[in-house]
Chemist: 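Got a structure here, written out as structure tokens. Questions coming.
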Amino acid sequence: MSEDCQKIPQHVAIIMDGNGRWAQSRSKNRVVGHKAGVETVRSSVTSARKLGVKALTLFAFSSENWLRPESEVSVLMELFMFVLTREVKRLHKNGIRFQIIGDVSRFSEKLQKKIKASEALTKNNTDMVLSIAANYGGRWDITQATKNIAKKVKNDDLALDDISEQLMNDHISLNDLPDLDLLIRTGGDYRISNFLLWQAAYAEFYFTDILWPDFDRKAFEEALNSFDKRERRFGLTGDQIKSNTLLGN
Ligand code: IPE
Ligand code: IPE
Ligand code: MG
């Protein structure tokens, strides 16, 4: 199908997995895979923007990844800092709003400052939103939302009966973006690894064996082609969806 009439997901998230195996299969240190992965981040942002995706959310570092060898964690932090320094101007030039989701309080002061500055610089951009999940966990996200709501109830700013799915949603990361349409995982595993647990409620899932450093524009397009062929029913029947489509809804 041509790009013109293709149904493009508004919000795509990616679990960027397979950097370590990519490097190891070349008898290289895992870190080499992370560096190659950065280039794929770059190309994916460009592809997403060109294909008309409005929000791209990338899982860069999970709350569990701290458990990796210290040497790997520290290289990942350095890489993160380096990429922010090198790339944010380019994002800004391309009209992309940048934000971090996750518990940034565990990062160094320097990194936290860089994150704040990057978010501030790009905050009025409207072409696409790039969210990087760093020290992120889906369970953390639901917990922080619950805590914030509980605080409001305790301070009498909210009544117990005000708590609804919508209110919960309003306190969860990415609440200002379109609902998650497509969740891609590279690297051959079929799991969510504590990523967007709440947000993925009705996302379409796409798994590929391609390792993250090899996930090129063609691979991205294949994921979008697969999305285009899905029938999203949201609990309705296929017939209901079809008649709705016939009515132009
Ligand atoms: C994903 O690649 C990147 C991060 C988790 C930071 P991995 O490092 O998990 O690569 P594999 O899964 O070991 O190949
Ligand atoms: C998920 O990959 C986290 C990121 C891509 C940042 P992992 O490699 O950490 O996930 P598991 O350990 O295979 O579940
Ligand atoms: Mg992995």
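Side chains are part of it too, since the values below use all heavy atoms of this structure and drop only hydrogens, waters and symmetry mates. For ligands, and for the atoms within them, numbers begin at 1 and follow the listed sequence. For the single chain, residues carry numbers from 1 onward in sequence order. Keep in mind the model is a prediction, meaning the values are calculated, not measured.
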Chemist: Any nitrogen or oxygen of Trp22, side chain or backbone, less than 3.5 Å from one on ligand 1?
Modeler: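 No, since none of the N or O atoms of Trp22 sits under 3.5 Å from an N or O of ligand 1.
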Chemist: Have Ser62 and Asn65 got a donor and an acceptor in their side chains that come within less than 3.5 Å?
Modeler: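 Their side chains do contain a donor-acceptor pair, which is all the 3.5 Å distance test asks for.
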Chemist: Which of the atoms of ligand 1 are close to Arg21, meaning less than 4.0 Å from one of its heavy atoms?
Modeler: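 So the atoms of ligand 1 that pass are 11 (P), 12 (O), 14 (O).
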Chemist: So which of the N, O or S atoms of Asp17 lies nearest the Mg ion (ligand 3)?
Modeler: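 Result: OD1.
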Chemist: Just need the protein heavy atom nearest to atom 10 (O) of ligand 1, so name the residue and atom and give the distance.
Modeler: Gly20 N, 2.9 Å
Chemist: Does atom CD of Glu165 have more than 12 heavy-atom neighbours, drawn from other residues, nucleotides or ligands, at distances under 6.0 Å?
Modeler: no
Chemist: With heavy-atom distances below 4.0 Å as the criterion, list the atoms of ligand 2 near Ile15.
Modeler: 1 (C), 5 (C)
Chemist: Which bit of Phe61 gets closer than 4.0 Å to ligand 2, counting heavy atoms only: side chain, backbone, both or neither?
Modeler: backbone
Chemist: May I ask whether Arg185 places a heavy atom under 4.0 Å from ligand 2?
Modeler: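 So Arg185 counts as touching ligand 2.
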Chemist: Short check: any N/O/S atom of Asp189 below 2.8 Å from the Mg ion (ligand 3)?
Modeler: no
Chemist: In this structure, are over 12 heavy atoms from other groups packed under 6.0 Å from Phe82 atom CZ?
Modeler: no
Chemist: Under the side chain to side chain contact (heavy atoms under 4.5 Å, CB included) criterion, do Val153 and Ile163 qualify, and how do the steps go?
Modeler: CA-CA 9 Å; Val153 173; Ile163 300 176; 4.2 Å; yes
Chemist: Count the heavy atoms of every other residue, nucleotide or ligand shown that sit under 6.0 Å from CG of Asp103, and state whether that count exceeds 12.
Modeler: yes
Chemist: Among all protein heavy atoms in this structure, tell me which lies nearest to atom 1 (C) of ligand 1, with the distance rounded to 0.1 Å.
Modeler: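 Protein heavy atom with the smallest distance to atom 1 (C) of ligand 1: Met16 O, 3.0 Å.
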Chemist: Using 30° and 60° as the class limits, which term best fits the ring planes of Trp212 and Phe215: parallel, tilted or perpendicular?
Modeler: parallel
Chemist: I need the atoms of ligand 1 closer than 4.0 Å to a non-hydrogen atom of Arg68, numbered in the order shown.
Modeler: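 Here the atoms of ligand 1 in question are 5 (C), 7 (P), 8 (O), 9 (O).
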Chemist: Would you mind telling me if ligand 1 is within reach of the side chain of Asn65, the backbone, both or neither, using heavy atoms under 4.0 Å?
Modeler: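 Side chain only.
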Chemist: Checking contacts now, so for atom 13 (O) of ligand 2, which I'm interested in, is there any protein heavy atom under 4.0 Å?
Modeler: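 Protein heavy atom within 4.0 Å of atom 13 (O) of ligand 2: present.
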Chemist: Before signing off on this row, confirm whether Ser62 and ligand 2 have an N or O atom pair separated by under 3.5 Å.
Modeler: no
Chemist: Around atom CZ of Arg230, are there more than 12 heavy atoms from other residues, nucleotides or ligands closer than 6.0 Å?
Modeler: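 It does: Arg230 CZ has more than 12 such atoms within range.
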Chemist: To check your reading of the model: name the closest protein heavy atom to atom 7 (P) of ligand 1, its residue, and the distance in Å.
Modeler: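 Answer for atom 7 (P) of ligand 1: Asp17 OD1, 3.5 Å.
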Chemist: With sequence neighbours excluded, what pairs up with Phe61 under the ring pair (Phe, Tyr, Trp, His ring centres under 6.0 Å) test?
Modeler: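 Ring pair (Phe, Tyr, Trp, His ring centres under 6.0 Å) list for Phe61, sorted by chain: Trp66.
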Chemist: Have a look at ligand 1 and work out which part of Gln24, if any, has a heavy atom under 4.0 Å from it: side chain, backbone, both or neither.
Modeler: neither
Chemist: May I ask you to check whether Asp189 has an N/O atom sitting below 3.5 Å from an N/O atom of ligand 2?
Modeler: no
Chemist: Should the pair Asp127-Arg97 be classified as a salt bridge under the 4.0 Å nitrogen-to-oxygen rule?
Modeler: no
Chemist: Nearest 0.5 angstrom please: Ile100 CD1 to Ser173 OG, how far?
Modeler: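 Separation between the atoms: 11.5 Å.
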Chemist: Heavy-atom pairs closer than 4.0 Å: do any link ligand 1 to the side chain of Glu64, the backbone, both, or neither?
Modeler: neither
Chemist: Please state which part of Ala60 comes within less than 4.0 Å of ligand 2, counting heavy atoms only: side chain, backbone, both or neither.
Modeler: backbone
Chemist: Set out, in order, the CA-CA distance, both residues' side-chain angles and the distance that settles side chain to side chain contact (heavy atoms under 4.5 Å, CB included) for Asn19 and Arg30, then state yes or no.
Modeler: CA-CA 7 Å; Asn19 291 348; Arg30 295 175 54 84; over 6 Å; no
Chemist: Considering only the protein, which heavy-atom contact is closest to atom 11 (P) of ligand 2, and what is its distance?
Modeler: Ser193 OG, 3.6 Å
Chemist: Tell me whether Gly187 reaches ligand 1 (any heavy atom closer than 4.0 angstrom to a ligand atom).
Modeler: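 The answer is no, since Gly187 has no heavy atom less than 4.0 Å from ligand 1.
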Chemist: Is it true that Glu119 and Lys123 have a side-chain N and a carboxylate O under 4.0 angstrom from each other?
Modeler: no
Chemist: Relative to the heavy atoms of Arg191, which atoms of ligand 2 are at a distance of less than 4.0 Å?
Modeler: 11 (P), 13 (O), 14 (O)
Chemist: With a sphere of 6.0 Å drawn around CD of Glu70, does it hold more than 12 non-hydrogen atoms of other residues, nucleotides or ligands?
Modeler: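 It does not: Glu70 CD has 12 such atoms or fewer within range.
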